[in-house]
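Because the structure is predicted, anything quoted here is derived from the model rather than measured. Values below: all heavy atoms of this structure, side chains included; hydrogens, waters and symmetry mates excluded.
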Amino acid sequence: MNIETTKSNARLIEVFSAIQGEGLNVGTRQIFIRFAFCDLRCHYCDSAHTWNAPNTCRIEKAPGSREFEIHPNPVSLPTLIEWVKRQNIHRLHDSISLTGGEPLLHSNFLIDFLPKVRSVTSLPIYLETGGHRPEQLTKILPYLDSVGMDLKLPSTSGESHWQAHKQFLKICNRAQLEVFVKIVISQQTSWSDLEQAALLIKDINPKILVFLQPVTPLEPDKVFADEKVFAPFPEQVLNWQASLKLFLDRVRVVPQTHKFMDQL
């Protein structure tokens with residue numbers, strides 16, 4: 001997918017305040033900037049509405065209110081700065097989450113946006129990404145504080161990006177950026193994929209924190225793939241974690257906790 005982005009505006013889905021439900025920052029309060037467009041089609045995706053850009057986006061009226069204003073797309077850089085400032089109540093948020101979709105498809109915009117939003121909020125910047133666009137990562141690397149990288153297992157996601165994942169993780173590790181790897185697992189997950197992922201991470205740095213995330217089954221009206229994806233059995237999760245720990249120092253199992261808390 002070749003999506004033209006500019007430095008002056010971005011196509012968004014929404015801006016809101018919520019509790020992070022995945023990975024290293026689980027339980028923290030974040031300002032979420034959800035970007036439109038994704039070039040992946042993971043079987044378990046629960047954000048298929050982000051694959052393309054709608055004509056409008058929404059901005060939460062007050063942090064955590066779940067009441068939204070509707071605005072046209074694309075959104076200018078100064079406008080987005082003002083929206084983030086509106087969300088940024090003193091001492092409420094721990095960081096800003098760049099999510100999607102795939103935020104790195106907007107790297108041209110982020111080059112200018114990130115230093116500005118950091119200067120007006122003083123909040124750390126956290127990137128949630130598919131981890132398959134290393135060239136775009138290098139453009140915005142100086143403005144990031146942490147990265148949550150999804151490593152896509154072919155048997156679980158239907159996507160295969162081993163070389164891109166390896167290059168992406170190497171860049172994060174060399175920059176001594178706080179990075180963790182999230183691996184979604186399901187009943188369909190193959191051990192050979194998990195072993196390949198473990199060897200990839202070990203080769204770069206066995207101390208990188210890895211989260212195994214049991215898939216959350218989708219509502220029937222949100223399923224787009226022909227293949228149904230089911231949550232893994234408990235014994236699968238326990239065995240996979242034990243096996244991965246033979247290669248890696250830190251392997252945690254954390255589901256999508258925001259689904260339990262009814263967060264967006």
**Q.** Any donor-acceptor pair under 3.5 Å from D150 side chain to K152 backbone
**A.** no
(Q) If we count only N and O atoms by modelled type, under 3.5 Å, do the side chains of D193 and S155 hold a donor and an acceptor together? (A) yes
Q) Which distance, rounded to the nearest 0.5 Å, do you find between the NZ of K61 and the CZ of R86? A) 9.5 Å
Q: Considering only NZ, NE, NH1 and NH2 on the basic side and carboxylate oxygens on the acidic side, decide whether R66 and E60 come within less than 4.0 Å.
A: yes
Q) What are the two closest non-hydrogen atoms of G101 and C38, and how far apart are they? A) CA-CB, 3.9 Å
Q: Kindly give the heavy-atom pair with the smallest separation between V75 and F109, and that separation in Å.
A: O-CE1, 4.4 Å
Q.
I'd like to know if W191 and L212 are part of one continuous hydrophobic network [Ile/Leu/Val/Met/Phe/Trp/Tyr, side-chain heavy atoms within less than 4.5 Å].
A. yes
Q. Any chance CD of E135 has more than 12 other-residue heavy atoms, nucleotides or ligands included, within less than 6.0 Å?
A. no
(Q) Can you tell me how far apart CG (D145) and CD (E178) are? Round to the nearest 0.5 Å. (A) 8.5 Å
Q. Rounded to the nearest 0.5 Å, how far apart are OG1 of T121 and NE2 of H93?
A. 10.5 Å
Q) Closest heavy-atom contact between R11 and P54? A) NH1-O, 4.2 Å
Q: Answer yes or no: is there a donor N or O on one side and an acceptor on the other, between the side chain of R133 and the main chain of L105, under 3.5 Å?
A: no
Q) Only one of N173, V210, V251 clears side chain to side chain contact (heavy atoms under 4.5 Å, CB included) with I201; which? A) V210
Q.
Would a single hydrophobic cluster contain both I96 and L137, if residues Ile, Leu, Val, Met, Phe, Trp and Tyr are joined by side-chain heavy-atom contacts under 4.5 Å?
A. yes
Q: Quick one: pull up CG in L92 and CD1 in I31 and give me the separation to the nearest 0.5 Å.
A: 7.5 Å
**Q.** Side chain to side chain, I81 and F113, heavy atoms closer than 4.5 Å
**A.** yes
Q. Could you give the distance from OG1 (T50) to CG (L12), rounded to the nearest 0.5 Å?
A. 12.0 Å
Q | Pairing of K182 and E22 as salt bridge, 4.0 angstrom limit | A | yes
Q.
Just checking K139: does its NZ atom have more than 12 heavy atoms from other residues, nucleotides or ligands closer to it than 6.0 angstrom?
A. yes
Q. Could E14 and R58 be called an ion pair, given the rule that one side-chain N must be under 4.0 Å from one carboxylate O?
A. yes
Q.
For a quick test of reading the model, state the closest non-hydrogen atom pair linking S95 to Q30 and the distance between them.
A. OG-NE2, 2.9 Å
Q. Hey, are the side chains of S157 and Y44 touching, using non-hydrogen atoms and a 4.5 Å cut-off?
A. yes
(Q) Other residues, nucleotides and ligands only: do more than 12 of their heavy atoms fall within 6.0 Å of CD on Q187? (A) yes
(Q) Using every non-hydrogen atom in the two residues, find where S107 and I140 come nearest and quote the distance to one decimal. (A) O-CG2, 3.9 Å
Q. Do I13 and L80 share a hydrophobic cluster, counting only Ile, Leu, Val, Met, Phe, Trp and Tyr and linking them when any side-chain heavy atoms are less than 4.5 Å apart?
A. no
Q: Mind telling me whether F16 and F32 have parallel, tilted or perpendicular rings, with 30° and 60° as the class edges?
A: parallel
Q.
Check whether T189 reaches the backbone of S186 with its side chain - one donor and one acceptor, N or O, closer than 3.5 Å.
A. yes
Q) Is L169 reachable from L151 through a run of I, L, V, M, F, W or Y residues, each pair having side-chain heavy atoms under 4.5 Å apart? A) yes
Q: Hey, could you give me the CG/NE2 distance between D39 and H132, rounded to the nearest 0.5 Å?
A: 3.5 Å
Q: Answer whether the closest heavy-atom distance between the side chains of M149 and C172 falls below 4.5 Å.
A: no
Q: Would you kindly say whether T156 and Q188 are connected by a side-chain donor-acceptor distance under 3.5 Å?
A: no
Q | Close side-chain approach of I204 to K166, heavy-atom, < 4.5 Å | A | yes
Q) If every non-hydrogen atom of H165 is compared with every non-hydrogen atom of G130, which pair is closest and at what distance? A) CE1-O, 3.1 Å
Q) Does the distance from a Lys or Arg side-chain N to an Asp or Glu carboxylate O, for D94 and R29, drop under 4.0 Å? A) no
Q. In the hydrophobic clustering that connects Ile, Leu, Val, Met, Phe, Trp and Tyr at side-chain heavy-atom distances below 4.5 Å, which members other than L24 occupy its cluster, ordered by chain and number?
A. Y126, F180, L209, F211, V254
Q | Within one Ile-Leu-Val-Met-Phe-Trp-Tyr cluster: L199 and I185, side-chain cutoff 4.5 Å | A | yes
Q. If you count the non-hydrogen atoms of other residues, nucleotides and ligands that lie under 6.0 Å from CD in E235, is the total more than 12?
A. yes
